[in-house]
Amino acid sequence: MLDAVEAVMLEMQDPKTGVKSQPQKLVITTIPHAITGEDVVTWLANRYTIEAEEAWALGTMLVAFGYIYPLQDHKRLVIKPDTALYRFQTPYFWPAQQWPVEDTDYAIYLAKRNIRKKGVLEMHEQEQYNGLHKWMNHKWDFIVMQAKEQYRAGKERKKPDRAVFDCQERAYWVVHRPPPGTVSAMDYGLERMVDPNAEEVTGHIILSNMVVVVCVCVFSLFSSLVKYSVTCNKHDPFLAPCLPSNPWVTDDVTYWLLNMANVDVPTKMRVERWTFSFGELLSDPRGRDDFRLFLKKEFSGENLAFWEACEDLKWGTAATMNEKAQQVYKTFLARGAPRWINIDGKTMEVTVKGLKHPHRYVLDAAQTHIFMLMKKDSYGRYLKSPVFKDTQKRAIGPDQHRFRSVPCVIGGQCQEASSQHQSHHRPPAGEGGESQDGHQWPCGHHTGHE
C-alpha cells in the first residue's frame, strides 16, 4: 500500500501537473513550497474523479501517515479543505523508510526542543521528557550533548530552512509519538495492537502487558532481521555468487585482487555497501580513504584521524597503550593541539580525568561524540558529494567468468573431464599436448577460465 501512496505523492509534487505550491509567510518567516488544504482536496478530487468527501478522507490519510504535514496546527493530523498551510514531507521521513523509532532519538529531539523553547514544553512533551530522563539517566549526558550539537548545527542554517526542518521533524514525531487523544495511523491495518475507536481502559492486567511487550519486541527484531536480509542478500557469498568467480572453487584470485584493502578502483558492490550505514563505511579501509578525502576538502579531517587513533589505542598492544594515549591527547585534545577537535566541556573533562590512569577504553566518550558528529553531519553530505559520486562512477562491475574443462589423461588415454565425447587430439600417456586452437595443456586434470 505504501508504494501506491508514494506514487501518488510523487505525482502530486510534479511541477507541471501536481498541486500548486508557492512561498507563504508564516508569522515573520517565509516558508517555501507551501500548499493549502483546499488545493490538495481539489487536486485529489479531479485526479481520481471522486467526491469532495472522498478526496478529503484520502488527504487526511496522507496527513495521518506523515506524507503531508501541517505548518500551523501540528496536533490535528487531518486535512482542512480551506486555506490552512501544509507542506510535503521530505522522503527521508516517509514511513516506507522504516527507520526504527528509538527512544534515544526521541529523547534527543525533546532535549533539543527544551533548549530551543528554554524549558517550556507542551504538557505531554514535558511528561515524556521527564519519563525518558528518569529511564535513560545513565546516558542522559550523551543525549543532551547530541541535542546541543544538533541545535548548534541548526542555527547555522538559513531561517526559512531552519523553520522547514523543525516542522518536518516535529511532524515525524507527532506521527510516531502522537499526543494523548490523537490516533496513530501506524496502528492501522491487520497487525494493529489497539482499536482506535474503543474507549480507553485504565486498568490493565500485568501479565497481558508483558505478553504485548514481548510480542512487540519479537516483531521488531524479526522486522529488523528481514530488512537486513533484504538489503544485504546480494552481498552474502552464501546467497549470491562471487564476481567474477569464487576463488575457493576455481583457483582464480581475481576476486581477492579486486577487493584488496587499498585497491585504487573499488567494485560497485563494495561502494554500495558504504551506503548501508556509517559503520559499514568506516569498517572498509578503502571507504575510509574516500571519506578522508572528502573530510580533507571540508577541512575537518581531524575528526576521522582522532577516531582512527582511538581504534588504534583500543586494539593495540598493552606495552604501547600509555604512550599512545598521551600522543592522542597532545595531538587532538590539549590546548593549542595541532589537530584539535571540538568536543563539549563535560566530555573533555571526563576524558582528561581518565587519561591520568589510561586504559584501552579511556577515550570512548570522546570517540563516541566524534563518531555521532560525523554520522549525523558529515556522512550524509559525503553520500551527496562529488567525491563519492566520482568513486561510484569509476567503480567497476566485473562480469562472471565462464570456465571450461581441459582434457586430462586417464589410464593411458586422454579424455575430457566434462565432455561426453572423445577429443580428436590425444597425447601419449604421461606427456603434455596441444589442443586444436593451439592451447597448451599439461598431462593431468586441471581447469582454466576464458
Side-chain angles (χ1 to χ4, degrees), residues 9 13 15 21-35 66-74 85-94 97 99 101-102 104-122 125 129 142-177 275 278 281 291 294-304 341-345 347 369-389:
M9 292 303 301
Q13 297 181 63
S21 63
Q22 57 184 348
Q24 294 283 351
K25 196 166 186 179
L26 186 65
V27 191
I28 59 174
T29 305
T30 301
I31 304 297
H33 306 294
I35 56 178
Y67 288 99
I68 301 175
Y69 62 90
L71 291 175
Q72 295 161 312
D73 192 356
H74 297 278
L85 297 180
Y86 297 83
R87 277 190 102 252
F88 292 114
Q89 180 65 284
T90 177
Y92 180 83
F93 289 124
W94 283 2
Q97 299 293 345
W99 299 120
V101 186
E102 297 181 352
T104 302
D105 294 331
Y106 188 48
I108 293 174
Y109 163 74
L110 290 179
K112 184 169 60 175
R113 275 187 59 82
N114 190 54
I115 295 172
R116 186 186 304 117
K117 297 293 184 180
K118 298 181 179 180
V120 181
L121 296 176
E122 296 184 13
E125 291 180 334
Y129 181 85
F142 169 76
I143 290 173
V144 173
M145 176 180 65
Q146 291 300 316
K148 289 181 179 178
E149 288 293 336
Q150 293 185 20
Y151 178 70
R152 188 181 301 115
K155 291 185 67 176
E156 296 177 359
R157 298 189 182 98
K158 295 180 180 179
K159 192 171 183 179
D161 296 338
R162 185 166 67 246
V164 167
F165 181 78
D166 290 344
C167 290
Q168 290 173 345
E169 192 176 29
R170 184 172 185 178
Y172 173 82
W173 287 114
V174 168
V175 171
H176 292 86
R177 290 286 193 274
T275 64
F278 185 52
L281 174 67
F291 188 54
F294 165 75
L295 292 179
K296 184 178 180 181
K297 292 186 176 182
E298 291 210 338
F299 304 100
S300 58
E302 66 278 357
N303 290 335
L304 181 59
I341 58 171
N342 185 17
I343 59 177
D344 65 284
T347 304
H369 175 85
I370 293 299
F371 177 87
M372 294 302 297
L373 187 63
M374 292 190 295
K375 178 183 177 181
K376 296 286 186 181
D377 185 31
S378 303
Y379 178 58
R381 287 187 284 109
Y382 162 72
L383 295 179
K384 301 176 182 178
S385 68
V387 174
F388 176 74
K389 293 186 183 298

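Along the sequence shown, residues are numbered consecutively beginning with 1.
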* Note: Asp166-Arg162 ion pair, threshold 4.0 Å (strictly below) -> no
* If you measure from CG on Asn303 to CD on Glu298, what distance do you get to the nearest 0.5 Å? -> 10.5 Å
* Side chains of Ser378 and Arg381: does their closest heavy-atom pair fall under 4.5 Å? -> yes
* Applying side-chain contact (heavy atoms from CB on, under 4.5 Å), name anything that partners Ala147, two or more places apart in sequence or on another chain. => Ile108, Ala111, Lys112, Ile115
* **Distance-minimising heavy-atom pair for Leu383 and Phe388** => O-CD2, 3.4 Å
* Asked: What pair of heavy atoms forms the shortest contact from Tyr86 to Pro70, and how long is it?
  -> CD2-CA, 3.5 Å
* Is a side-chain donor or acceptor of Gln89 paired with a backbone partner of Gln168 at a separation under 3.5 angstrom? -> yes
* Once the angle between the rings of Tyr379 and Phe278 is folded into 0 to 90°, is it parallel (under 30°), tilted (30 to 60°) or perpendicular (over 60°)? -> tilted
* Does a side-chain heavy-atom distance below 4.5 Å link Phe165 with Glu169? -> yes
* To do: Working to the nearest 0.5 Å, report the span between CD1 of Ile68 and CD of Gln13.
  => 8.5 Å
* Arg113/Glu125 ion pair, N-O < 4.0 Å -> yes
* Asked: Do Gln150 and Lys376 touch side chain to side chain, with heavy atoms closer than 4.5 Å?
  -> yes
* Asked: Would you call Trp173 and Tyr106 a side-chain contact if the rule is heavy atoms closer than 4.5 Å?
  -> yes
* Approximate separation, where rounding is to 0.5 Å, of Leu373 CG and Asn342 CG -> 8.0 Å
* **Arg87 side-chain N/O to Pro32 backbone N/O, donor-acceptor pair under 3.5 Å** => yes
* OG1 of Thr104 to CD of Gln146: how many Å apart, nearest 0.5 Å? -> 10.5 Å
* Taking the side chain as every heavy atom from C-beta outward, state whether Leu71 and Ile31 have any pair of such atoms under 4.5 Å apart. => yes
* **Close side-chain approach of Glu149 and Arg152, heavy atoms under 4.5 Å** => yes
* To do: List the atom of Phe291, the atom of Met374, and the distance in Å for their closest heavy-atom pair.
  => CE2-SD, 3.9 Å
* Asked: Between NE2 of His33 and CZ of Phe88, what distance do you get to the nearest 0.5 Å?
  -> 11.0 Å
* Side chains of Lys148 and Asp344: closer than 4.5 Å at any heavy-atom pair? -> no
* To do: Decide yes or no for Tyr69 and Val174: does some side-chain heavy atom of the first lie under 4.5 Å from some side-chain heavy atom of the second?
  => no
